[in-house]
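Heads up, the thing below is written out as structure tokens.
These numbers come from a predicted model, not from an experiment. All ligand and atom numbering here is 1-based and tracks the order in the structure.
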Amino acid sequence: MNRVSLIAGNWKMYKTVPEAVATAAQLKEAVKDISGREIVIAPPFISLHPVSQVIKGSNINLCSQDVFWEEEGAFTGQISPGMLLSAGCTYTLIGHSERRQYFGETNETVNKKTKKSIDQGLKVIVCIGEALEEREAGKTFSVLEIQISEGLKGLTPVHMDSVVIAYEPVWAIGTGKTATAAQAEQAHQFIRGKLKEQFDTGVAEKIRILYGGSVKPDNIDQLMAEKNIDGVLVGGASLKVDSFSRIVKFT
Ligand code: PGA
């Protein structure tokens with residue numbers, strides 16, 4: 001199955017609006033000749049719309065870092081899928097480990113956000129991954145299994161056309177400890193197998209599974225050489241145009 005590679009940059013809580021706009025403009029120039037792979041950036045909410053103006057018509061897609069599961073209402077501080085679409089987003093991240101760790105995100109809220117986003121027309125990058133204690137206790141696969149079965153509960157194969165999975169072992173995020181390409185490949189194979197059980201072979205073969213956690217210019221080529229790694233979700237190394245564009249240009 002030929003899956004289009006997807007390289008996503010998660011800017012987390014970095015960059016003011018002018019900084020985000022300037023970075024997007026430089027990135028647009030640096031990757032303008034790239035085709036045949038999908039490039040996605042996820043700036044903070046307030047920079048989404050101004051960045052969308054900068055990248056309009058380019059090969060870069062816009063993504064938010066979170067979303068809420070209602071269309072509108074008295075939910076102070078929240079942002080709906082429709083608002084994100086109106087700001088120029090095509091994607092949203094859902095269930096990033098930092099949201100799970102610090103902001104009470106659960107598999108249930110991941111599920112609600114995922115359904116509503118897809119129904120409203122957004123594509124989603126659903127993040128899953130085990131913590132260090134879970135890996136050390138031999139629970140990696142059971143944690144992934146629950147995150148998949150609960151997070152994607154009630155979705156149909158048609159919904160799944162709008163889903164990308166990001167496997168991010170929590171112990172590898174921002175720590176400089178990357179999973180080896182072989183460790184990542186093993187988890188990706190497991191995830192694809194679970195998706196086949198929960199949905200069908202077509203869904204499992206079509207879906208893109210990204211790896212995330214200390215992806216850098218010096219490990220990208222090795223990661224992308226694995227059969228079941230269809231792209232990466234990059235934090236720290238996406239903040240600088242040099243390193244992110246090198247990652248986008250993996251060989
Ligand atoms: P990192 O972050 O690349 O800085 O490890 C990855 C992520 O949190 O998506």
Side-chain angles (χ1 to χ4, degrees), residues 5-15 19-20 23 27 31 37-45 47-48 51 60-67 89-105 110 113-114 117 123-132 134-135 140 143-144 147-148 151 163-181 183-185 187-188 191 208-224 226 229-250:
S5 304
L6 193 165
I7 308 295
N10 172 11
W11 292 0
K12 306 194 178 185
M13 199 180 75
Y14 292 100
K15 299 186 189 295
E19 287 165 354
T23 306
L27 181 65
V31 300
R37 43 187 78 168
E38 208 174 342
I39 307 167
V40 172
I41 53 174
F45 280 130
S47 294
L48 290 171
V51 165
I60 304 173
N61 294 293
L62 196 60
C63 180
S64 62
Q65 298 175 14
D66 190 24
V67 63
C89 288
T90 44
Y91 281 95
T92 179
L93 295 179
I94 296 179
H96 189 277
S97 67
E98 287 148 17
R99 303 290 324 164
R100 294 178 189 259
Q101 199 176 342
Y102 307 125
F103 304 104
E105 187 88 275
V110 166
K113 290 177 178 184
T114 301
S117 296
K123 297 183 198 173
V124 300
I125 302 177
V126 177
C127 306
I128 60 175
E130 81 288 0
L132 184 59
E134 293 164 336
R135 173 162 284 261
T140 298
V143 167
L144 295 177
Q147 289 174 334
I148 294 167
V163 177
V164 174
I165 303 283
Y167 168 62
E168 301 202 296
V170 180
W171 48 272
I173 295 179
T175 58
K177 281 191 209 159
T178 334
T180 62
Q183 272 172 328
E185 172 65 14
H188 285 218
I191 293 163
R208 289 174 295 175
I209 307 177
L210 315 182
Y211 168 77
S214 298
V215 174
K216 303 272 180 304
D218 62 10
N219 57 25
I220 183 66
D221 297 339
Q222 222 180 341
L223 288 163
M224 291 306 293
E226 295 291 342
I229 300 183
D230 307 310
V232 286
L233 178 54
V234 188
S238 73
L239 297 171
K240 292 224 159 69
V241 170
D242 280 2
S243 55
F244 190 60
S245 57
R246 166 63 185 90
I247 291 170
V248 167
K249 293 174 188 171
F250 72 86

Check Cys127 against ligand 1 and report side chain, backbone, both or neither, counting heavy atoms closer than 4.0 Å.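 Contact part for Cys127 vs ligand 1: neither.
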Indicate the atoms forming the closest heavy-atom contact of [X] with [Y], along with that distance.
X	Y	result
Ala172	Tyr211	CB-OH, 3.6 Å
Pro169	Gly212	CD-O, 3.4 Å
Cys127	Glu168	SG-OE1, 4.3 Å

Ser214 versus ligand 1: do any nitrogen or oxygen atoms come within less than 3.5 Å of each other?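 By distance alone, the answer is yes.
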Check whether any heavy atom of Lys12 sits under 4.0 Å from an atom of ligand 1.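 It does, in that a heavy atom of Lys12 comes within the 4.0 Å cut-off of ligand 1.
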Among all protein heavy atoms, pick the one closest to [atom] and tell me residue, atom and distance.
atom	value
atom 4 (O) of ligand 1	Gly236 N, 2.8 Å
atom 3 (O) of ligand 1	Gly235 N, 2.8 Å
atom 9 (O) of ligand 1	Glu168 OE2, 2.7 Å

Within the 4.0 Å heavy-atom shell around [X], which atoms of ligand 1 are there?
X	value
Gly174	1 (P), 4 (O), 5 (O)
Ala172	5 (O)
Gly213	5 (O)
His96	7 (C), 8 (O), 9 (O)
Leu233	9 (O)

For His188 and Tyr167, take the angle between the two ring planes, folded into 0 to 90°, and tell me which bin it lands in: parallel under 30, tilted 30 to 60, perpendicular over 60.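 Correct class here is perpendicular.
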For Lys15 and Ser47, test the side chains for any donor-to-acceptor distance below 3.5 angstrom and give the result as yes or no. no
Does Arg208 reach the main-chain N or O of Val164 with its side chain, forming a donor-acceptor pair under 3.5 Å? no
Asp221/Arg246 salt bridge by N-O under 4.0 Å criterion: yes
Side chain to side chain contact (heavy atoms under 4.5 Å, CB included) with Lys113: which of Asp66, Thr92, Val124?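 Between Lys113 and the candidates, side chain to side chain contact (heavy atoms under 4.5 Å, CB included) is satisfied uniquely by Asp66.
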